[in-house]
Amino acid sequence: MSSLLIKNASAIVTCDEKDTVLENASLLMQDGVITYIGTEPKGADETIDAAGCLVYPGLINTHHHLYQTFSRNLPQVQNMELFDWLTTLYEIWKNLDKDIIYHSSVTGIGELLKAGCTTCFDHHYVFPGGSSDALLDAQFSAARDLGIRMYASRGSMDLSKKDGGLPPDSVVQNVDEILKDSRNAVEKYHNPAPYSMEMVALAPCSPFSASEELYRQSAILARDLGVRLHTHLCETIDEENYTLEKYGKRPLAYMENMDWVGNDVWYAHGIHFNDKEMKFLAQTGTGVAHCPISNMKLSSGICRIPDMLKLNVPVGLAVDGSASNDGSNLLEELRVAFLLHRLNSSKLAPSGYDILKIATNGSARILGRDDIGSLAVGKAGDLFLIRRDRLDLVGADFDVKSMLGTVGFKGAVDYTVVNGRIVVKDGHLVGIDEEKAVRDGKHLVTDYLNR
Ligand SMILES: [Zn+2]
């Protein structure tokens, strides 16, 4: 048995049901699970002296495209909205291979961990030339090397230009190939046990790149295998016009018709729902991954988070892919979410603490997990530490529950712990040689963009 003690922390913000904040408290993890939180010192194999530190539950990212970390800040797409942005970038993404996936994943996951994120869901849907196995292998390999809790997906696209979709032929597969690869990915990687470090969802990309047949068959397969379903939905008005024109239905009605609603389904973005549709999301327990920075960058619109919270629609926080963010920093996302809804909704906006709870409890809920998202005995040992004695927090840390939203936190956190294991120490990644990762990544991204 291995154990790690967080000793005598200045404050532990638990994000539990009672919104407990413990002062001068310690937290013990044994074999990855929290077994004690309180004021009595305990013995452990390893101890972090947390005097003067704030402890928060690990943040949970519910929508990402790690491969996009190597197509950031490209001048040719900076003034585009989603459809033009995608069609331009597909021409780069069609050159993806396992090395790009490994190193872009290391870069993105590294940034996530350094910003207090302990679980990452990734929506990977570009598989050029039937490269399925190799690409997911590379992604899980990066996740293991860095120590993040990985929730991958077998994403997919089968609707190319010739069939009225958006992507080029070179990046789509047919439904039979996709279903075979999806089953393989679940059988190879998905571990449904509590405290699982590796899970897989099925995730056709979007209504304008996946066919009705692909959506239907994916839902049947996912329910047969007991895994969750994820897709992009209601991201833009262009998408709404597309489903109205092609299928005669608004996006959510189209999804409902294919059995793509329920508490095993969550959508990325969810911006353009009307009142009736939001009530339907709440009734069915269908979740939404809120991605404010990407939505602002691509001028997609503002997700109606205050209304969703009021209706109890399951909502989590996410960075979205790095080509529309253009980073992987969930702490930054948290603050931007706070500010965006202040601007848009004034007194109805969620508080800084409400947003922290979306990024922890809320995100865990839409991933279908009750073992992460708060700090309590029996929960996974996923957390991060910030030293409060730093110039940028002087006078800013009176309300530690709301601080990450209202004030924000810049730079790397001091420690990140996943499954009871230290993965960031003094602001640096423990699992890899960071300097080498920078050198390798820079070399590869230049080669990739020149292909
Ligand atoms: Zn996305």
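Count residues from 1 along the sequence. Atoms considered below: every heavy atom in the structure, side chains included; atoms not considered: hydrogens, waters and symmetry mates. Because the structure is a prediction, the values reported are computed rather than measured. When a ligand or atom number is given, it counts from 1 through the structure's own listing order.
Counting only protein N, O or S atoms, 4 lie closer than 2.8 Å to the Zn ion (ligand 1).
Rounding to the nearest 0.5 Å gives a distance of 9.0 Å between CG of D122 and CD of Q68.
Separation of the H123 and H232 ring centroids falls under the 6.0 Å cut-off.
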Applying side chain to side chain donor-acceptor pair (under 3.5 Å), run through H269 and N295 and close with a yes or a no. CA-CA 8 Å; H269 306 296; N295 299 160; 2.9 Å; yes
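Neither side chain, H103 nor D440, offers a donor N or O lying under 3.5 Å from an acceptor on the other.
Residues meeting the salt bridge (charged side-chain N to carboxylate O under 4.0 Å, His left out) test with R369, sequence neighbours left out: D371.
Because its NZ or CZ atom is both nearer than 6.0 Å to the ring centre of F127 and within 45° of the ring axis, R154 counts as a cation-pi partner of that residue.
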